[in-house]
Asks: 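One structure, as structure tokens, below. Some questions next.
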Amino acid sequence: MKISQLEGRRVALWGWGREGRAAHAVLRARLPALPLTLFCPAAEVDAARAQAGGTLDVRGEPSAELLAGFDVVIKSPGISPYLPVAQAALAQGTQFIGGTALWFAEHAADDGTVGNAICITGTKGKSTTTSLLAHLLRAAGHRTGLVGNIGLPLLEVLDPQPAPDYWAVELSSYQTREVARSGAHPQVAVVLNLFPEHLDWHGSQQRYIQDKLALVTEGAPRIAVLNAADPHLAALSLPDSEVIWFNQPSGWHMRGDIVHRGGQPVFDSSDTPLPGRHNRGNLCAVLAAIEALGLDAVALAPAVQSFRPLPNRLQRIGAREGVVYVNDSISTTPHASLAALDCFAGQRIALLVGGHDRGLDWSDFVQHMAHDQPPLEIITMGANGPRINALLQPLAEAGRFGLHAAQDLAEAMTLARAALGDAGGVVLLSPGAPSYGVYRDYVARGRHFAELAGFDPDLISAIPGIGL
């Protein structure tokens, strides 16, 4: 649906975060006479009215009946379309879309293709992968937009001048189906991996996977770049797309630390600035996507050496008194915490885990702690901290590692430093859970971690290269 098609319809916005404000600005610029209603939490109503300056009818949280009074509701990504009120309004004919769908519809050619868009999604590593793609494209001299879920809503860059050569678009599972709903088809779509995540928003693991994969199963990109090592992806059949596989011997893949293109060794990735082996493996996805665009990926690969890692993702923020502090606040699944531990194998680690409880299964994490090399100490915290602690208790009693429970991050930091003692080591914040209920987002949690460790949070928070 193009923005012009909203004219004459009853339209509402749902959510007044950055995405909602971006949608409001675009609609006011394109359709200034269109009546608009905003639904947002009651605590935000007064601020929204002030910020909107009388251009919106601002109300609190909507009922199904209120939503059903609109033809189109433009919702923010964090609001699930599977909420009962949304489902009830949908059954009565209300159409729910997001800013992602509007942006793609606006950029589609007559055949529906968005020829300069490379979309990247995956449970783990998508932000670093998208940033790395933008970095390498810029190294080749191409004006490239780094946008989307990474922190710059698409509607904030609807029509930049001059237009970029390429868009590197990170999409969360909240946004992937939006591409299909737009009727547009990206030139290239990359899916890195799939693990259980965001079950509270999607309602089930099966629906999470379906929504995530909608980017390629329904979005019908011209080229789909897929991870052959992921069982969900390896089982896909995409008759409407050309499929390029990475992490398999005939394509871009890793052998030890060496990046290969088929049988050709390209370069040693061991001294690159990419944090973690999984991110170095995702470099193969980036190189495959660049090659799909018709560019020389082999020639561009060495430019990874000048890449600047993103904040809150295995970020080494500094060392004090023999203790290295690593901020992996972006970690919101147990699998992400395991990947973080793997990056520091053989070192003395005090691991901080826990946060908002979305009901994710931690049994696989516990099995790894039973059979792999565990950290020296695990400190649990947050709403799901007691549940994780109880699962780990038998292993701690057997002497596999030390285990403590903390009320909050500050206490967890104190316990971690005490556990490492004079011998030092690594305090690793990789919570495997969201920050909801305590912090505004994972960035705020990472900033607090930096403060508690004695570092300036402003120096560790900026995302390199975001935007155009």
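Keep in mind that the numbers below use all heavy atoms, side chains included, and drop hydrogens, waters and symmetry copies. Counting begins at 1 with the first residue of the sequence.
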Asks: Quick check for you: to the nearest 0.5 Å, what is the distance between Leu194 atom CG and Gln205 atom CD?
Replies: 9.5 Å
Asks: With a 4.5 Å cut-off on side-chain heavy atoms, are Gln315 and Pro309 touching?
Replies: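 In short, these two side chains do not touch, never coming nearer than 4.5 Å.
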Asks: So how far is it from Leu338 CG to Phe365 CZ, rounded to the nearest 0.5 Å?
Replies: 5.5 Å
Asks: Would you say the side chain of Met413 lies within less than 4.5 Å of the side chain of Met381, judging by non-hydrogen atoms?
Replies: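 SC-SC contact between Met381 and Met413 ruled out.
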Asks: Would you say the side chain of Val190 lies within less than 4.5 Å of the side chain of Leu226, judging by non-hydrogen atoms?
Replies: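 Side-chain contact under 4.5 Å: no.
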Asks: Is it true that Arg21 and Glu156 make a salt bridge, defined as a side-chain N closer than 4.0 Å to a carboxylate O?
Replies: no
Asks: Which pair of non-hydrogen atoms, one from Ala117 and one from Phe104, has the smallest distance, and what is that distance?
Replies: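 In this case the closest contact between Ala117 and Phe104 is CB-CE2, 4.2 Å.
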Asks: What verdict does the side-chain contact (heavy atoms from CB on, under 4.5 Å) test give for Arg387 and Trp362, after you've listed the backbone C-alpha separation in whole Å, the side-chain angles of each residue and the deciding distance to 0.1 Å?
Replies: CA-CA 9 Å; Arg387 181 165 66 89; Trp362 280 76; 4.0 Å; yes
Asks: If I compare all heavy atoms of Leu67 with all of Ala89, which pair ends up nearest, and what's the gap?
Replies: CB-CB, 3.6 Å
Asks: Can you find a pair of side-chain heavy atoms, one from Thr37 and one from Leu56, that are under 4.5 Å apart?
Replies: no
Asks: Please check if the number of heavy atoms outside Glu397 that lie under 6.0 Å from its CD is greater than 12.
Replies: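 For Glu397, atom CD is crowded (more than 12 foreign heavy atoms under 6.0 Å).
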Asks: So is Arg207 actually on top of Tyr82's ring, under 6.0 Å and inside 45° of the axis?
Replies: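 Yes - Arg207 lies over the ring of Tyr82, closer than 6.0 Å to its centre and within 45° of its axis.
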Asks: Looking only at heavy atoms, which two atoms of Phe401 and Pro375 are closest? And how far apart?
Replies: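 So the two residues come closest at CB-O, 3.3 Å.
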Asks: Under the rule for side-chain contact (heavy atoms from CB on, under 4.5 Å), what residues qualify as partners of Pro41, not counting sequence neighbours?
Replies: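 Testing Pro41 for side-chain contact (heavy atoms from CB on, under 4.5 Å), a comparison that skips the adjacent residues, returns Glu44, Glu61.
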Asks: Just by distance, no angles: are the side chains of Asn247 and Asn227 close enough, under 3.5 Å, to form a donor-acceptor pair?
Replies: yes
Asks: Checking Asp357 side chain against Asn384 main chain: does a donor-acceptor pair fall under 3.5 Å?
Replies: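 Not at all, since once roles are kept as given, no pair shorter than 3.5 Å links the two residues.
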Asks: Could you tell me whether the side chains of Asn327 and Asn312 share a donor-acceptor contact shorter than 3.5 Å?
Replies: yes
Asks: Considering all heavy atoms of both residues, which atom of Ala224 and which atom of Leu238 are nearest to each other, and what is their separation?
Replies: CB-CD1, 3.8 Å
Asks: If you measure only the distance, is there a donor-acceptor pair under 3.5 Å linking the side chains of Gln51 and Trp16?
Replies: yes
Asks: Under a 3.5 Å distance rule, please check whether Asn282 uses its side chain to pair with a backbone N or O of Thr129 as donor and acceptor.
Replies: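 No; zero donor-acceptor contacts below 3.5 Å.
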Asks: Tell me, do Val73 and Gln95 make a side-chain contact under 4.5 Å, heavy atoms counted?
Replies: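 No, too far: nothing below the 4.5 Å cut-off.
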Asks: So, does Lys212 use its side chain to make a donor-acceptor pair with the main chain of Gly122 at under 3.5 Å?
Replies: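 Yes, the answer is positive, given that a donor and an acceptor are paired below the 3.5 Å cut-off.
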Asks: Taking Ala105's backbone N and O only, do any of them form a donor-acceptor pair with Lys2's side chain (distance below 3.5 Å, no angle check)?
Replies: yes
Asks: Is there a donor-acceptor contact under 3.5 Å from the side chain of Arg138 to the main chain of Thr144?
Replies: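 Yes, because the side chain of Arg138 sits within donor-acceptor range (under 3.5 Å) of the backbone of Thr144.
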Asks: With rounding to the nearest 0.5 angstrom, report the CD to CG distance, Glu170 to Asn149.
Replies: 4.0 Å
Asks: Just checking, any donor-acceptor pair under 3.5 angstrom between side chains of Ser329 and Tyr439?
Replies: no
Asks: Could you tell me whether the side chain of Ser182 and the main chain of Ala184 form a donor-acceptor pair under 3.5 Å?
Replies: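 Flag set: sc Ser182 to bb Ala184 pair under 3.5 Å.
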Asks: Does a donor on one side chain and an acceptor on the other come within less than 3.5 Å for Ser127 and Arg313?
Replies: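 Yes.
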Asks: Test of understanding: with salt bridge (charged side-chain N to carboxylate O under 4.0 Å, His left out), list the residues that count as partners of Arg30, not counting sequence neighbours.
Replies: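 Applying salt bridge (charged side-chain N to carboxylate O under 4.0 Å, His left out) to Arg30 gives Glu106.
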Asks: Taking C-beta and beyond as the side chain, do Leu36 and Leu27 meet within less than 4.5 Å on heavy atoms?
Replies: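 A side-chain contact exists here, since the closest heavy-atom pair is under 4.5 Å.
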Asks: Which pair of non-hydrogen atoms, one from Ala450 and one from Ile317, has the smallest distance, and what is that distance?
Replies: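 Smallest interatomic distance, heavy atoms only, reads CA-CD1, 3.7 Å.
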Asks: Would you check if there is a donor-acceptor pair between the side chains of His24 and Thr55 at a distance under 3.5 Å?
Replies: yes
Asks: Please report the closest heavy-atom contact between Ala405 and Glu411, naming both atoms and the distance.
Replies: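 Taking Ala405 first and Glu411 second, the nearest heavy atoms are O-OE2, 4.1 Å.
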Asks: Strictly distance-based, threshold 3.5 Å: is any side-chain N or O of Trp201 a donor or acceptor partner for the main-chain N or O of Pro77?
Replies: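 Yes; at least one donor-acceptor contact below 3.5 Å.
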Asks: State whether the side chain of Arg59 and the backbone N or O of Ala42 hold a donor-acceptor pair below 3.5 Å, judged by distance alone.
Replies: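 No, because the side chain of Arg59 does not come within donor-acceptor range (under 3.5 Å) of the backbone of Ala42.
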Asks: For the residue pair Arg320 and Phe455, would you count it as a cation-pi contact if the rule is NZ or CZ under 6.0 angstrom from the ring centre and within 45 degrees of the ring axis?
Replies: yes
Asks: Is it the case that His202 and Ser80 place a side-chain donor and acceptor less than 3.5 Å from each other?
Replies: no
Asks: Can you tell if the side chain of Ser435 reaches within under 4.5 Å of the side chain of Val438, non-hydrogen atoms only?
Replies: no
Asks: Hey, could you give me the CG/NE2 distance between Leu415 and His404, rounded to the nearest 0.5 Å?
Replies: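 Going from CG on Leu415 over to NE2 on His404, the span is 6.0 Å.
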Asks: Test side-chain contact (heavy atoms from CB on, under 4.5 Å) on Ile118 and Tyr166; report intermediate values, then the result.
Replies: CA-CA 7 Å; Ile118 306 97; Tyr166 295 105; 3.8 Å; yes
Asks: Just list the side-chain donor-acceptor pairs under 3.5 Å for residues 341-353, sequence neighbours left out, or say none.
Replies:
unit_1	atom_1	unit_2	atom_2	d
Arg348	NH1	Leu420	O	2.9
Arg348	NH1	Gly424	O	2.4
Arg348	NH2	Leu420	O	3.4

Asks: Parallel, tilted or perpendicular: which describes the rings of Trp14 and Phe96, with under 30° parallel and over 60° perpendicular?
Replies: tilted
Asks: Out of curiosity, Arg177 CZ to Thr217 OG1, how far, rounded to the nearest 0.5 Å?
Replies: 7.0 Å
Asks: Taking the side chain as C-beta and beyond, is there a heavy-atom pair between Trp167 and Trp103 under 4.5 Å?
Replies: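 Yes; the side chains approach each other to less than 4.5 Å.
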Asks: Could you measure the distance from the OG atom of Ser131 to the CD1 atom of Ile120? Nearest 0.5 Å is fine.
Replies: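 Output value for this atom pair is 9.0 Å.
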Asks: Does the side-chain contact (heavy atoms from CB on, under 4.5 Å) test come out yes or no for Arg280 and Met254, once each step is laid out?
Replies: CA-CA 8 Å; Arg280 283 182 270 146; Met254 302 282 292; 4.2 Å; yes
Asks: Where the side chain of Thr333 meets the backbone of Gly432, is there a donor-acceptor pair that is under 3.5 Å apart?
Replies: no
Asks: Ignoring hydrogens and angles, tell me if any N or O in the side chain of Ser337 forms a donor-acceptor pair with the backbone of Ser430 under 3.5 Å.
Replies: yes
Asks: Please assess Gln187 against Asn116 for the test side-chain contact (heavy atoms from CB on, under 4.5 Å), listing each intermediate value before the final yes or no.
Replies: CA-CA 6 Å; Gln187 176 81 345; Asn116 59 352; over 6 Å; no
